[in-house]
Undergrad: 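Below is the structure I would like to discuss, written out as structure tokens.
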Amino acid sequence: MSGRPAAPGAGVDLTGLNDAQRAAVTAPSGFHLVVAGAGTGKTRTLVHRVAWLLEQGADPSGIVLLTFTRRAAREMLDRASRMVGPKAHRVQGGTFHAYASRVLRTLARDGFAERIGRSGEFTVMDRRDAEDLVGLVRNDLGVGAGGRRFPNKATLLKFISRQANAGGSLQDAVDAVNPRFLDDLDGIEAVARAYAARKQQADLVDYDDLLVLLRDLLRRDADARARVAGRCQHVLVDEYQDTNRVQGHIAALLATAHGDLMVVGDEAQSIYAFRGARVENILDFPKVFAGARVTKLEANYRSTQPVLDLANGVLESFSVGFDKRLYTELDHKGAERPMLVEVADVGQEADVVVANVLAMREAAIGLADQAVLFRAAFHSAVLESALTRAGIPFRKYGGLRFVEAAHIKDVLSLLRLVANPRDEVAWLRVLSWIQGIGPKTAGRIIDAALAPGGLSDADAFAGRAWHAELERLIDLLRVQRDLPLHRQVDAAVEYVRSGLDARYDDAWKRERDLTALPVLADRYDSLDAFLADVALDPPEAADAEADEEEDEQLTLSTVHSAKGLEWTGVQVLRLADGQFPSGYSLDDPDALEEERRLLYVAVTRAKRHLLLYQPRFVEGRGSFGVGPGCVLLEEVPGLDDRVQRMIGRAPAPPDGGGDGLPSDPAAQERLDQVLAWMDD
DNA sequence: CTCAAATGTTTTTTT
DNA sequence: AACATTTGAG
């Protein structure tokens, strides 16, 4: 960092920034790409940019800050407000999806409902809901009833989603996702059409609709564009490498009125191709918007040089990308090289990870400064039980979310019916709860509910075994309408709780979650706001247990969910073909390149201590080629100079202190047992 | 014909 | 934990 004084007259302190960061922060309006390598102060730069704009007199509500998660937006605006005061909180911020949802709702309530095809009270479906609706359509059309190879609902939704965010024809989408099903194109097209019609009829949108509806409106409707883009004096986009085509269009359209668009990202960290992210958005930005300014941030403030050496090795293995190399100006004396730890199997992997967690804690690296990362959420299962046995508290991110659990969806479906009685997907879920009602009967009842007049009582179904239950449900929904939010949630929770034992054999465990739900809902003042947030930014399971918050907890996370975060000590599990890289990507060069970017993300999370585990055997999973090697690592140039190879039994002492062995006698004993068993 | 229970298989990543 | 498939009850 240079010690240059702040620009004269600027109220925001810029002295802590390096030249490149300051150039980005104080740049004049225009199209601007900031290429920010991992740990180069990207967030810091964005925060200062927002503060600087405000200090220059920008209207906070004219600034739009689009981020990857709501948490990222909140953190940035908190930091900006510490620099320039509370007005920073009036900046428009959030994910593309949340922003689109807000804008579409406002426009729909303001005369644009017809053009959007939805009311201002539309319900947002998560992926599972969308799949369920596709499943309904699939059944109704009777496609694939006879022939067995017609795609299932999840695959169908992938085709539809691909077309939505890649553009082009449905045929192209099928070809890209799974060309095996090209023969069924007619049936797939029928499903896609019917799905679109059913969504509109039920006032539902899926994730893709939020983006596509907004993009199309901004593109085709000058009125809407004037209203929305007219308010966007300054548009800032974080994590631009993970935007898809539609998001790229929206960002550009928002900036059409005032011409100020700053996108920030790192093409080497593009890890959401499966969701339609296009690295090309960031790579081609300077070409697409001729005259765009480009600023590169390369000075790293996070990691030691040995960690950066490995990161640079991964960078060198990429076939595309901006020419860049991470370096640090700090002198980390005696910094150790990352360790590549060979373990026999996943059981030993878990034991050695536990041993190293404890060893690092001995060396004064608290649990909150440590993380264990993995490719897929279920990879941590063995480790989780080892941690529990060793008495190490942890928080897990990624994988199944709290609101995706079946019993939580039950409650939310009830609430959704209160908010939107046309919500077919919610009806299906709620009706299936009643014993004796399966898909067929549910379909008939839904038809009655969606017919003009709705379903005011269960009289039409008198005589059936489940008649009384249906009556109880309809009564509940009627009563619900007039209650305040917290009573609505309580009543829905009570209804679900009453049937919990009959429906789930682990009811006791789920009971706890149900108590957490009213607490989450308490933060909102309307049911609509609560439901929209739950669909667009679902709280993690860990958030729901906030009451037993512990400061000193180890973080377990998928690599995807770890994006943007950092820890002093990081351990990465399962670097073996079929695990990390995923078995799905082994025979596809583009997918493998994305796995390598994922490895790059994992490696660059570490400040100081980095351990990579390579199991020689992973049980099961016959369909995946699990090898002793890892093609990701094999392609890193000069790997042996960049890492220190270890055998799992001898965890190295971090920082030269301690002997690297666990201080907990029980853990030590278990480790000894495992090592002894391996010698047999 | 409809649904439920039991069984076996298969688990990527997420707005 | 969710899916498909099978089998049996009503």
Side-chain angles (χ1 to χ4, degrees), chain A residues 66-73 94-101 124-132 135 144 148 152-155 158 161 164-165 205-212 239 242-244 246-247 270-277 373-381 397-401 403-407 409 431-444 464-466 502-506 509-510 532-538 540 557-563 574 578-586 591 594-595 597-599 601-602 620-624:
Chain A
L66 296 167
T67 55
F68 204 69
T69 62
R70 187 176 50 175
R71 189 181 61 179
T95 62
F96 272 92
H97 292 86
Y99 176 76
S101 168
V124 180
M125 297 185 287
D126 66 15
R127 201 201 60 205
R128 285 292 266 303
D129 299 327
E131 284 176 6
D132 287 348
R148 184 65 86 52
N152 64 21
K153 59 185 183 183
T155 310
K158 273 186 204 153
S161 179
N165 56 48
V205 296
D206 61 23
Y207 288 138
D208 298 326
D209 292 330
L210 286 170
L211 304 178
V212 170
E239 309 281 9
D242 282 322
T243 53
N244 64 29
V246 186
Q247 289 168 322
S270 177
I271 54 176
Y272 282 90
F274 67 92
R275 220 171 76 181
L373 308 181
F374 32 85
R375 175 67 178 82
F378 71 88
H379 287 167
S380 69
Y397 295 88
L400 194 70
R401 273 203 217 73
V403 294
E404 287 171 2
H407 52 299
K409 293 216 81 164
L431 290 172
S432 306
W433 236 60
I434 298 174
Q435 300 265 312
I437 298 184
K440 283 281 193 267
T441 314
R444 282 197 285 270
R464 311 294 292 264
W466 37 263
R503 193 151 161 91
Y504 302 105
D505 44 15
D506 56 348
K509 216 174 158 188
R510 296 169 186 264
D533 252 25
V534 155
L536 290 172
D537 192 17
E540 300 280 343
S557 176
T558 59
V559 178
H560 283 90
S561 295
K563 192 170 76 164
R574 312 269 168 112
Q579 311 282 308
F580 191 174
S582 149
Y584 289 102
S585 47
L586 286 175
E594 174 135 325
E595 298 285 322
R597 290 195 292 262
L598 217 34
L599 175 64
V601 170
R621 302 294 83 83
S623 56
F624 294 132

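Predicted, not measured: the structure shown is a model, and the values here were computed from it. Just so we're on the same page: letters track the sequence lines, and every chain starts at 1.
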Undergrad: Where the side chain of R127(A) is concerned, which of dT14(B), dC3(C), dT12(B) is the nearest nucleotide?
TA: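 Between dT14(B), dC3(C), dT12(B), the one nearest the side chain of R127(A) would be dT14(B).
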Undergrad: Which part of the nucleic acid does I437(A) contact within heavy-atom distance under 4.0 Å: base, sugar-phosphate only, or nothing?
TA: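 Answer is sugar-phosphate: I437(A) comes under 4.0 Å of backbone atoms only.
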Undergrad: As a test of reading the structure: which of dT11(B), dT14(B), dA2(C) is closest to the side chain of Y584(A), going by heavy atoms?
TA: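 It is dT11(B).
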Undergrad: Does S561(A) have a side-chain nitrogen or oxygen under 4.0 Å from the phosphate oxygens OP1 or OP2 of dT14(B)?
TA: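 Result: yes.
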Undergrad: Angle between ring planes, F68(A) versus Y272(A), binned at 30° and 60°: parallel, tilted or perpendicular?
TA: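 Correct class here is tilted.
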Undergrad: dA4(C), dT14(B), dT12(B): which one has an atom nearest the side-chain heavy atoms of R375(A)?
TA: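 Of dA4(C), dT14(B), dT12(B), dT12(B) is nearest to the side chain of R375(A).
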Undergrad: Quiz question: going by heavy-atom distance under 3.5 Å, is there a donor-acceptor pair between the base of dT13(B) and the side chain of R275(A)?
TA: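 No.
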Undergrad: What pairs with D208(A) under side chain to side chain contact (heavy atoms under 4.5 Å, CB included), at least two apart in sequence or on another chain?
TA: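 S161(A), A164(A), N165(A), D206(A).
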Undergrad: On DNA chain B, check which nucleotide each of A535(A) and R444(A) is closest to and give me the residue with the more 5' one.
TA: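 So the residue in question is R444(A).
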Undergrad: Taking R127(A) first and then E404(A), would you say they form a salt bridge - that is, a charged N and a carboxylate O separated by under 4.0 Å?
TA: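 A salt bridge is absent here (no side-chain N lies under 4.0 Å from a carboxylate O).
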Undergrad: May I ask you to say what A377(A) touches in the nucleic acid, namely base, sugar-phosphate or nothing, with a heavy-atom cut-off under 4.0 Å?
TA: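 Result for A377(A) = sugar-phosphate.
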Undergrad: Nearest of dA2(C), dT12(B), dT14(B) to any side-chain atom of Y272(A)?
TA: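 Per side-chain heavy atoms of Y272(A), the pick is dT14(B).
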Undergrad: From NZ of K409(A) over to P of dA1(C), roughly how many Å is that when rounded to an integer?
TA: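 Distance, rounded to whole Å: 15 Å.
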Undergrad: Mind checking if R597(A) touches a base, just sugar-phosphate, or nothing, with heavy atoms under 4.0 Å?
TA: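 Here R597(A) touches no strand at all.
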Undergrad: Let me confirm one number: the OG1-CD distance from T67(A) to E239(A), rounded to the nearest 0.5 Å.
TA: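 The CD atom of E239(A) is 8.5 Å from OG1 of T67(A), to the nearest 0.5 Å.
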Undergrad: So if I take every side-chain heavy atom of R128(A) and compare against dA2(C), dT12(B), dT14(B), which nucleotide ends up nearest?
TA: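 Given the options dA2(C), dT12(B), dT14(B), the side chain of R128(A) is closest to dA2(C).
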Undergrad: Does T69(A) have a side-chain nitrogen or oxygen under 4.0 Å from the phosphate oxygens OP1 or OP2 of dT15(B)?
TA: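 For dT15(B), neither OP1 nor OP2 has a side-chain N or O of T69(A) closer than 4.0 Å.
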Undergrad: What nucleotide among dT13(B), dA4(C), dT12(B) has an atom nearest to a side-chain atom of H560(A)?
TA: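 Nucleotide nearest to H560(A)'s side chain: dT13(B).
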